[in-house]
Amino acid sequence: MSLKDQFGKDILLTGWGHSKFGKLTDHTLESLIVQVAGEAIRNSGLEAKDIDEVYLGQFNSGMQPLGFTSSLALQLSADLANVPATRTENACASGSAAFQQGVKAVLAGTARNVLVIGAEKMTDAGADVVGAALLGASYEMAGKASTTGFTGLFAEVAKHYGKRYGTGIDAANYPGGLGDVLGSIAAKNHHNGMDNPYAQMHRDFGEEFCRTISDKNPMVADPLRRTDCSPVSDGAAAVVISTSATGGATAPVRLAGFGHANDFFPAEKRDPTEFAATRASWERALGMAGVGIDGLDFAEVHDCFTIAELIMYEAMGLTPRGEGSRAVQEGWVYKDGKLPVNVSGGLKAKGHPVGATGVSQHVIAAMQLTGTAGDMQLPNARRGAVQNMGGVGIANYVSVLEAV
């Protein structure tokens with residue numbers, strides 16, 4: 001069973017665009033959206049007049065005064081006049097929410113070619129505004145003061161994980177326990193980010209720096225250090241979704257399966273170390289694609305904090321629960337391992353403009369599958385997965401993509 005078997009049509013990514021991520025003082029939200037939209041349409045081989053619908057993923061949550069952004073992509077061309085455009089918001093999964101809405105429009109037959117954009121402009125706002133905006137994705141902390149922001153929420157996840165599974169971490173390789181495992185994940189992603197021209201951070205810190213608390217790597221919320229946290233970013237990405245190849249600049253990429261699952265919002269109704277709905281989204285996507293985890297050549301996952309990537313190894317089924325450190329220790333998730341994870345540098349090094357992240361992950365995966373990823377390129381990448389989530393494992397999306 002595959003997506004095509006289930007719905008009777010192919011879903012293809014036929015063109016894409018991606019901005020640099022970081023503090024982009026020369027860009028506005030509008031200019032970023034127009035830039036990547038234009039790139040995606042041109043690279044698809046289509047023209048603006050061929051686009052039937054637009055979906056824009058953007059969280060905002062008060063980080064920008066303009067809260068009504070669905071029509072900004074129409075600034076690209078007069079030929080987009082009257083095209084239906086919708087903004088989707090699902091916290092840090094807003095980009096993948098837009099992507100799946102675009103997919104469903106094509107599957108429903110109400111659109112042939114859909115432009116999907118993810119964008120966020122975060123650095124214009126002060127740290128207090130950004131912190132409060134992100135806490136808007138927390139049931140317990142929305143509207144409340146916090147010195148640690150969303151980092152504090154994932155720090156609690158890390159504490160629960162350490163208490164439950166910390167004794168199973170190999171002390172010989174990780175004398176600092178969970179903190180050393182997380183430091184190794186951070187170092188891996190910073191090393192990978194060196195090869196990503198779009199990445200916000202181009203510095204290979206190394207394991208010792210990432211594992212060690214210092215003036216340059218302070219504790220943000222115990223046990224998470226600065227290197228365990230993704231940065232505040234600006235950026236945008238876009239893809240065109242179609243039912244058939246359109247003569248684009250590269251070969252298209254096929255969507256083989258997708259999954260979406262939401263968990264309960266109150267923390268008391270969730271196991272803090274399980275990410276049950278995240279697991280469900282993986283199972284749905286892999287099930288639709290008709291493949292197992294061993295059928296993937298790479299994965300781009302939502303490492304907003306390093307503890308999230310560690311738990312993702314378990315949620316995707318790479319290791320049993322509580323044994324995620326094995327994936328690092330055995331080298332499975334490194335670029336030359338059996339399932340490279342976050343070859344792009346992930347959110348950790350690439351940056352995390354929250355509404356753009358999910359679409360960016362799809363673009364990076366498409367580049368891998370078409371052999372156009374440059375220095376990030378993996379040999380013989382034929383099938384990969386993208387995982388994007390909003391909140392602490394609340395809104396969860398997974399896509400399985402494959403080369404055509």
Side-chain angles (χ1 to χ4, degrees), residues 3 57 59 61 88-101 103-104 118 134-142 150-161 164-165 230 255-289 291-293 296 299-324 327 341-342 346-347 352 354-355 357-359 361-362 385-401:
L3 183 152
F59 181 38
S61 193
T88 67
E89 188 285 302
N90 225 354
C92 296
S94 296
S96 286
F99 179 82
Q100 287 201 11
Q101 289 303 114
V103 167
K104 291 173 181 177
L134 296 177
L135 282 176
S138 167
Y139 182 83
E140 288 79 16
M141 293 302 297
F150 228 79
T151 309
L153 302 182
F154 275 88
E156 288 301 310
V157 172
K159 288 176 183 176
H160 283 289
Y161 189 95
R164 187 175 297 182
Y165 301 119
S230 58
L255 177 66
F258 61 92
H260 172 202
N262 268 51
D263 211 335
F264 295 105
F265 210 0
E268 64 183 17
K269 301 190 74 171
R270 291 178 277 115
D271 182 325
T273 67
E274 184 178 2
F275 283 41
T278 311
R279 183 183 299 271
S281 64
W282 274 100
E283 292 172 349
R284 290 170 184 173
L286 292 170
M288 184 184 293
V291 299
I293 194 72
L296 301 178
E300 288 288 322
V301 308
H302 193 98
D303 62 321
C304 50
F305 301 93
T306 50
I307 184 63
E309 179 168 330
L310 179 66
I311 293 177
M312 208 52 56
Y313 304 154
E314 302 168 14
M316 71 169 71
L318 184 58
T319 76
R321 288 183 63 186
E323 298 182 22
V341 173
N342 286 337
L347 287 58
H352 183 29
V354 291
T357 287
V359 182
Q361 291 173 314
H362 285 83
V386 165
Q387 179 270 328
N388 182 207
M389 70 180 178
V392 186
I394 303 298
N396 303 270
Y397 296 82
V398 175
S399 297
V400 178
L401 303 172

If you compare all heavy atoms of F154 against all heavy atoms of G391, which two are closest, and at what distance to 0.1 Å? CZ-O, 4.0 Å
Does a side-chain heavy-atom distance below 4.5 Å link Y165 with L310? no
Would you say Y161 and E314 are linked by a side-chain donor-acceptor pair, where the criterion is simply a distance under 3.5 Å? yes
Which residues pass the salt bridge (charged side-chain N to carboxylate O under 4.0 Å, His left out) test with E274, sequence neighbours left out? R321
Going from CG on L134 to NE2 on H352, what distance comes out if it is rounded to the nearest 0.5 angstrom? 7.5 Å
When you check the side-chain N and O atoms of S281 and N396, is any donor under 3.5 Å from an acceptor? no
Taking the side chain as everything from C-beta on, heavy atoms only, tell me whether F275 gets closer than 4.5 Å to D263. no
Shortest non-hydrogen contact from G390 toward A93: N-CB, 3.5 Å
Looking at R270 and G393, would you say the former's side chain and the latter's main chain have a donor-acceptor pair under 3.5 Å? no
Given N388, which partner from the list S94, S96, S399 fulfils the side-chain hydrogen bond (donor to acceptor under 3.5 Å, both in side chains) test? S96
Below 4.5 Å, heavy atoms only, C-beta onward: do V392 and F150 meet side chain to side chain? yes
Quick one, F305 with L153, criterion side chain to side chain contact (heavy atoms under 4.5 Å, CB included). Give me CA distance, side-chain angles, the key distance, then yes/no. CA-CA 10 Å; F305 301 93; L153 302 182; over 6 Å; no
Taking the side chain as every heavy atom from C-beta outward, state whether M288 and V400 have any atom pair closer than 4.5 Å. no
Atom pair OG/CD1 of S138 and I394 - distance to nearest 0.5 Å: 8.5 Å
Side chain to side chain, K104 and F258, heavy atoms closer than 4.5 Å: yes
Is there a side-chain contact between L296 and M316 (heavy atoms, below 4.5 Å)? no
Quick one: OG1 on T319 to CD1 on I293, what's the gap to the nearest 0.5 Å? 10.0 Å
Which pair of non-hydrogen atoms, one from G136 and one from A142, has the smallest distance, and what is that distance? CA-CB, 4.1 Å
Mind listing the closest non-hydrogen atom pair of F59 and A91 along with its distance? CD1-CA, 3.5 Å
With a 3.5 Å distance limit and no angle check, can you tell me whether E156 reaches the backbone of A158 through a side-chain donor-acceptor pair? no
Between Y313 and V341, does the side chain to side chain contact (heavy atoms under 4.5 Å, CB included) criterion hold? Intermediate values first, please. CA-CA 9 Å; Y313 304 154; V341 173; 4.2 Å; yes
Q361 side chain to N342 backbone, donor-acceptor under 3.5 Å: no
Reported CG-to-CE distance for the pair N262 and M389, which is rounded to 0.5 angstrom: 12.5 Å
How long is the gap from CZ on F99 to NE2 on H260, to the nearest 0.5 Å? 14.0 Å
Minimum heavy-atom separation for A97 to N90, with atom names? CB-CB, 4.1 Å
Is the shortest side-chain heavy-atom distance between V398 and T278 below 4.5 Å? no
Going from OG on S230 to NE2 on H302, what distance comes out if it is rounded to the nearest 0.5 angstrom? 7.0 Å
When you compare the side chain of P266 with that of E140, does any pair of heavy atoms fall below 4.5 Å? yes
